[in-house]
A.B. asks: 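The structure that follows is given in the form of structure tokens.
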Amino acid sequence: MIQRPRGTRDFTPQEMETRRYLESLFRLVAETHGFREIATPIFEHAELFTLKSGPNILDEIYAFEDKGGRQIALRPELTAPAMRFFVNDLTNYPRPLKVFYFGQCFRYERPQSGRYREFFQFGAELIGAPNPESDAEVIGLAAAMITRSGLGNFSIRVGHIGILRSKLSEGGVKSESAPAILQKLDKKVYDEAVPLMQQAGMSDGAIEDVVALTKTIGGIDVLQSLTGEPRDYLMEVFQVLQSYGLKDVKVDLGVVRGLDYYTGIVFEVDAPMLGAEKQVCGGGSYSLTELFGGEKTFSTGFAIGFDRILLALEREGMKAPQKNVIAYVVPVSETMRLAAFKITADLRSNGISTDVDLMRRNLGKNFKYADAIGAKFVIIVGEKEAAQDSVTVRDLKTGEQRLVRRSDLSQVLKE
RNA sequence: GCCGGGAUGGGGUAGCCUGGUUAUCCUGUGGGACUGUGGAUCCCUAGACCCGAGUUCAAAUCUCGGUCCCGGCCCCA
């Protein structure tokens, strides 16, 4: 037996129906928000990802040399490829450019609950509009997608990286020391963050302020006591969100990112029932284009952990509609078999999903099978009916049965 | 990379501590009772000890190594 590689999954027909159902919901919501789908390759030059995240990520991704000596990596995320695509080919599209994508990504990590080596991300980027309203548009899309998925218990928290950054630089922290501090603050490990801030020359009072800021969480009113440009910007974002009817979005100034390319708002969505891997979505505004050889362009985007949303939905007892066949055609005897195939072909060409007995089973067994596959109707093709150019249609749920002329069959089943 | 718990037919399991006949039960698969009517019942059939080494007269059971899964840490772009 050949086992599946570590951290990968196979999906059963039922699982695929659930996955495709959620996928199509996400697509629909993105499209109703005016975003259009793009797709990029599963593998890229490894450099694309080291440019964005530094050389150390090579340890955490699937990277290898191909037969032509190229350094290749399976994509660990979709923002970098999307922005590469933009810089290469899409810069002349009207702005703002609103795109979304769905696909698998790969990371060489220790698998655990909600974390796989092959996983699926659904994401969106709004390119070229550095405004509170464009940020709100993106947050609004993320919120709409998750709401539409049917997930009940989740929280959206929005912060602004500029608020902490300006506090740090006011306190005397040089820009090159800031990322390390922000990284610790993001994880709320204050016993490591505080010494770093002391080393960077901050006063005890300023450090206290920063720590307090990262604990600022709540409604829009928590911004009242603050001042400064980022704070005003964040206020505007929330005003737009309110106009969009989004009331459950919280302010959380503790949402931080250690990476340099984040430029403004940052947000996260958690599904608390998932435990350690509870973050289902992360995003923010950033500028990556200049790293990839383009003109500096501000964008806002997010990525949704498709598998985690599904996991959370599952834990909430979500059931996706199953795609069972409408009709199951059963010949009553050997002599009626070919007639059954004709009827099957006829139904199928009329767009009615139809199965037919392929095992030469007797009528009783065929009913059991029809029940097992969840067919709606059994079409009995027998001599008695054939004499009247008809078939018997039995509704498996109600048990009702009636004689239907062959020429009327498609019409009857469509009702 | 680190810590802990696991792996027995397709799915779920008993047996493992205390080694010993034909590895338990449920469910699902295929067939039959039922050569024109399903969801019930009964019968038959097929199907498993993760891989490798060691200990032993004898290993699902004990020991070691590996693989994979689960929970957590690290990381989280």
Side-chain angles (χ1 to χ4, degrees), chain A residues 1-10 12-14 44 46 48-61 73 75-83 105-117 119 121 123 179 183-184 186-187 189 256-262 266 268 274-284 286 288 291 301-303 305 308 311 328 330-336 357 359-386 391-403:
Chain A
M1 273 236 299
I2 309 295
Q3 282 185 323
R4 225 182 304 128
R6 185 169 162 82
T8 62
R9 292 159 296 163
D10 298 310
T12 62
Q14 296 92 316
E44 295 269 1
L48 177 64
F49 304 109
T50 52
L51 274 175
K52 176 173 182 249
S53 311
N56 293 337
I57 51 145
L58 286 177
D59 295 337
E60 287 149 60
I61 68 181
R75 61 190 185 193
E77 46 119 357
L78 289 165
T79 303
M83 295 316 290
C105 299
F106 305 84
R107 294 182 185 178
Y108 195 84
E109 293 184 299
R110 176 80 168 76
Q112 61 192 66
S113 176
R115 179 185 276 197
Y116 306 95
R117 288 186 169 182
F119 60 98
Q121 275 197 349
Q183 201 198 356
K184 298 297 177 197
D186 181 26
K187 278 179 248 158
V189 280
V256 193
R257 295 285 145 86
L259 291 156
D260 279 336
Y261 53 78
Y262 283 99
V266 279
E268 287 176 359
L274 292 184
E277 304 292 329
K278 67 182 185 333
Q279 192 183 327
V280 295
C281 174
Y286 61 90
L288 281 170
L291 283 177
F302 64 85
R308 289 188 186 176
L311 199 59
Y328 180 65
V330 180
V332 128
S333 65
E334 192 77 8
T335 53
M336 299 309 292
D357 173 41
M359 299 273 282
R360 306 189 177 190
R361 277 190 270 235
N362 65 37
L363 197 54
K365 287 286 179 191
N366 266 320
F367 268 100
K368 276 187 185 160
Y369 179 74
D371 185 54
I373 64 172
K376 230 179 150 82
F377 300 101
V378 169
I379 315 300
I380 301 161
V381 183
E383 282 90 354
K384 291 179 209 160
E385 292 89 342
V391 292
T392 296
V393 175
R394 183 181 177 91
D395 184 322
L396 281 185
K397 258 229 175 72
T398 63
E400 277 171 50
Q401 199 164 300
R402 61 171 165 148
L403 197 66

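Side chains are part of it too, since the values below use all heavy atoms of this structure and drop only hydrogens, waters and symmetry mates. Order of the sequence lines fixes the chain letters, A, B, ..., with proteins taken first and strands second; residue numbering starts at 1 for each chain.
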A.B. asks: Which is true for A/Tyr261 with a 4.0 Å heavy-atom rule: it touches a base, it touches only sugar-phosphate, or it touches nothing?
C.D. replies: sugar-phosphate
A.B. asks: Could you give the distance separating B/rC3 and B/rG9 at their C1' atoms, to the nearest angstrom?
C.D. replies: 33 Å
A.B. asks: Who are the side chain to side chain contact (heavy atoms under 4.5 Å, CB included) partners of A/Glu109, not counting sequence neighbours?
C.D. replies: A/Arg107, A/Arg115
A.B. asks: Please check the phosphate of B/rC75 (OP1 and OP2 only) for any side-chain N or O of A/Gln183 closer than 4.0 Å.
C.D. replies: no
A.B. asks: Determine yes or no for a side-chain-to-main-chain donor-acceptor pair under 3.5 angstrom, with A/Thr8 supplying the side chain and A/Pro5 the backbone.
C.D. replies: yes
A.B. asks: What is the nucleic acid contact for A/Ile57, judged by heavy atoms within less than 4.0 Å: base, sugar-phosphate only, or nothing?
C.D. replies: base
A.B. asks: If the condition is salt bridge (charged side-chain N to carboxylate O under 4.0 Å, His left out), which residues does A/Glu268 pass it with, not counting sequence neighbours?
C.D. replies: A/Arg157, A/Arg257
A.B. asks: Run the side chain to side chain donor-acceptor pair (under 3.5 Å) test against A/Asn56 and tell me which residues pass, sequence neighbours left out.
C.D. replies: none
A.B. asks: Please give the distance between the C1' atoms of B/rG11 and B/rC17 as a whole number of Å.
C.D. replies: 28 Å
A.B. asks: So what does A/Tyr262 touch, heavy atoms closer than 4.0 Å: a base, only the sugar-phosphate, or nothing?
C.D. replies: sugar-phosphate
A.B. asks: According to the Watson-Crick and G-U wobble definitions, with both distances under 3.5 Å, which nucleotide is paired to B/rC73?
C.D. replies: B/rG1
A.B. asks: Is B/rC50 paired to anything, Watson-Crick or G-U wobble with both distances less than 3.5 Å, and if yes, which nucleotide?
C.D. replies: B/rG66
A.B. asks: Answer with base, sugar-phosphate or nothing: what part of the nucleic acid does A/Ala276 contact at a heavy-atom distance below 4.0 Å?
C.D. replies: sugar-phosphate
A.B. asks: My understanding is that only residues two or more places apart in sequence, or in another chain, count here; which of them pass salt bridge (charged side-chain N to carboxylate O under 4.0 Å, His left out) with A/Arg308?
C.D. replies: A/Glu277
A.B. asks: Is the cationic atom of A/Arg361 (NZ for Lys, CZ for Arg) positioned less than 6.0 Å from the six-membered ring centroid of A/Tyr369 and within 45 degrees of its normal?
C.D. replies: yes
A.B. asks: Among residues at least two apart in sequence or on other chains, which ones pass side chain to side chain donor-acceptor pair (under 3.5 Å) with A/Tyr116?
C.D. replies: none
A.B. asks: Do A/Arg115 and B/rC75 have a side chain to base donor-acceptor pair shorter than 3.5 Å?
C.D. replies: yes
A.B. asks: Can you check each nucleotide of nucleotides 27-36 of chain B against protein heavy atoms at under 4.0 Å and return B for base, S for sugar-phosphate only, - for none, in 5' to 3' order?
C.D. replies: ---SBBBS-B
A.B. asks: Under 4.0 angstrom, heavy atoms only, what part of the nucleic acid is A/Gly399 near: base, sugar-phosphate, or nothing?
C.D. replies: base
A.B. asks: Under 4.0 Å: is that the gap between some side-chain N or O of A/Ser113 and OP1 or OP2 of B/rC70?
C.D. replies: no
A.B. asks: Could you tell me which residues satisfy side chain to side chain donor-acceptor pair (under 3.5 Å) with A/Thr79, sequence neighbours excluded, listed by chain and number?
C.D. replies: A/Glu125
A.B. asks: Holding to ring-ring contact (aromatic ring centres under 6.0 Å, His included), I want the full list of residues that pass it with A/Tyr261, two or more places apart in sequence or in another chain.
C.D. replies: none
A.B. asks: Tell whether A/Arg257 reaches the base of B/rA77 with its side chain through a donor-acceptor pair below 3.5 angstrom.
C.D. replies: no
A.B. asks: Quick test: give all pairs of protein nitrogen or oxygen and nucleotides 65-69 of chain B nitrogen or oxygen below 3.5 Å, distance rounded to 0.1 Å.
C.D. replies:
{"residue": "B/rU67", "atom": "O2'", "partner": "A/Gln3", "partner atom": "OE1", "Å": "3.2"}
{"residue": "B/rC69", "atom": "OP1", "partner": "A/Gly7", "partner atom": "N", "Å": "2.6"}
{"residue": "B/rC69", "atom": "OP2", "partner": "A/Arg6", "partner atom": "NH1", "Å": "3.4"}

